[in-house]
Amino acid sequence: MAGRTGLVVAGAGARGAYEAGALTELLPRLERTWSAPSVLVGTSAGALNVAALAGLAGTRPDAAAAELVARWESVRTGDVVALPSSALEAGLAYAGDLLGVPSALRRAVGLPERVTRLLDADRLRPVVERVVDWDRLHHAVAGGLVDAVGVACTAAGTGGTVVFVEHGPDVALPPYDPGRDIRYVGTRLTPDHLLASAAVPVLFAPRRIDGPGAGWYVDGGVRLNTPLKPALRLGADRIGVVATTPAAPCPDAAPTPDRVPDVYAVAALALRIVLGAGVTEDLRTLRAVNAEIDRGTDGRHARIGAWFAGPPADRATELADLAAEIRRREYGGLRALRNPPLLVLERLVGGAVPDTDLTHGAELLSFLFFDPAFAAAAADLGAAHAARSTAPDTGRPGAGARRRARVARR
């Protein structure tokens with residue numbers, strides 16, 4: 001089939017294992033219906049997933065997705081964050097700020113100068129280096145197996161989105177997009193780009209990227225958690241979209257609280273908004289354009305087929321419920337001592353109160369629950385949800401770069 005298929009994978013933290021499971025269903029379907037994705041764009045954990053898939057280019061789609069799931073199952077909490085040293089460092093830095101201890105004195109006694117993070121994610125680098133086969137990724141792009149791999153980050157200075165793109169000669173780097181404040185930077189991707197894309201503000205320190213687009217960056221999900229538009233601007237005629245939030249809102253998905261929401265509930269709400277609003281609005285816009293084309297009222301744009309794999313609107317809380325279930329089953333009671341970093345982490349996010357409602361704490365915990373048992377269960381749930389997705393209209397792929405660009409601009 002002519003044209004390019006794109007794959008967009010949203011940010012999700014430890015829920016990236018769910019996305020890997022969804023890909024076990026979606027990737028084979030994309031190849032059978034359209035073609036294997038050659039434009040891969042992601043944010044945070046989604047960026048890790050697309051980079052890993054690019055490093056598996058040439059592998060059968062079902063085998064590639066299964067390998068991706070296996071790699072997620074190899075990651076543990078202690079591989080990602082250093083606890084309790086993170087809590088101690090953040091506490092000392094905050095105490096220094098509160099007491100007004102001069103920076104020079106802090107340096108002299110070996111204390112942190114400023115509060116730059118709550119969690120130390122330096123251990124994440126070996127994970128990124130292990131999960132992604134970087135040599136194969138570069139060879140896949142250079143050899144034409146993959147047209148482009150994009151990683152979305154948020155510039156700490158401007159607050160705009162920067163998409164770092166490793167691309168082949170047949171892909172033109174898009175110009176600056178003033179409407180969405182998206183800048184595209186051509187580069188050779190490295191672990192630093194993925195670490196920057198996953199640097200959740202406050203939790204993790206901003207990451208420095210050197211070379212093209214040099215600067216400090218934080219999680220790309222702050223502005224563009226589901227980078228549909230970059231995939232279209234990079235030449236995709238149709239796209240597969242993977243996320244851990246529904247493609248459509250469901251107002252009745254969660255009960256109305258009967259008391260003042262605590263900080264964990266508000267943080268969970270903020271995450272739902274940040275992670276879900278982008279995919280909902282972008283897919284709604286894309287479907288509206290397609291509907292106008294079907295009615296014959298829009299002759300300027302090409303139809304863009306979009307295949308969504310993620311939780312149905314009426315099952316939006318199942319992933320958080322799963323996190324609570326795995327936590328109870330694997331680490332309830334004294335079993336929590338088997339994973340001390342998780343024990344500290346769940347108290348930081350309010351997810352370890354056995355005799356109260358765990359909904360909000362578990363939702364927060366699920367983004368940081370790097371654990372083989374949770375990864376395996378989340379991948380199974382992702383595959384089950386993706387299996388329920390229906391095939392979209394195939395549209396008219398290969399209609400030309402000009403009309404693709406018009407859709408992207410809109």
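Since the model is a prediction, treat every value here as computed from it, not as a measurement. The figures that follow rest on heavy atoms only: side chains count, while hydrogens, waters and symmetry mates do not.
Residue pairs meeting the ring pair (Phe, Tyr, Trp, His ring centres under 6.0 Å) criterion with at least one member in residues 36-60, sequence neighbours excluded, do not occur.
Under the 30°/60° scheme for interplanar angles, the aromatic rings of Trp307 and Trp34 are found to stand perpendicular.
In this structure, the side chain of Thr154 engages the main chain of Asp219 through a donor-acceptor pair within 3.5 Å. No donor-acceptor distance shorter than 3.5 angstrom exists from the side chain of Asp147 to the backbone of His167, with no hydrogens or angles considered. Distance alone, capped at 3.5 Å, places no donor-acceptor pair between the Arg223 side chain and the Asp181 backbone.
A distance of 10.5 Å separates CG of Leu53 from CD of Glu67, quoted to the nearest 0.5 Å.
For the side-chain contact (heavy atoms from CB on, under 4.5 Å) criterion with Leu234, the lone passing option out of Val41, Leu40, Val149 is Val41.
Between Arg207 and Ile209, the closest side-chain pair of non-hydrogen atoms is not below 4.5 Å. Side-chain atoms of Ser197 and Phe164, non-hydrogen and from C-beta on, never get closer than 4.5 Å to each other.
For Arg130, the CZ atom is densely surrounded, since the number of other residues' heavy atoms within 6.0 Å is greater than 12. Counting heavy-atom neighbours within 6.0 Å of Arg188 CZ, excluding the residue itself, gives a total of 12 or less.
Salt bridge Glu19/Arg15: absent, no basic N to carboxylate O contact under 4.0 Å.
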task = Dump the intermediate steps for side chain to side chain donor-acceptor pair (under 3.5 Å) on Ser35 and Arg238, then the final yes or no.
result = CA-CA 10 Å; Ser35 62; Arg238 58 265 173 175; 3.0 Å; yes
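Listed here is the closest heavy atom pair of Thr43 and Leu224: OG1-O, 2.9 Å.
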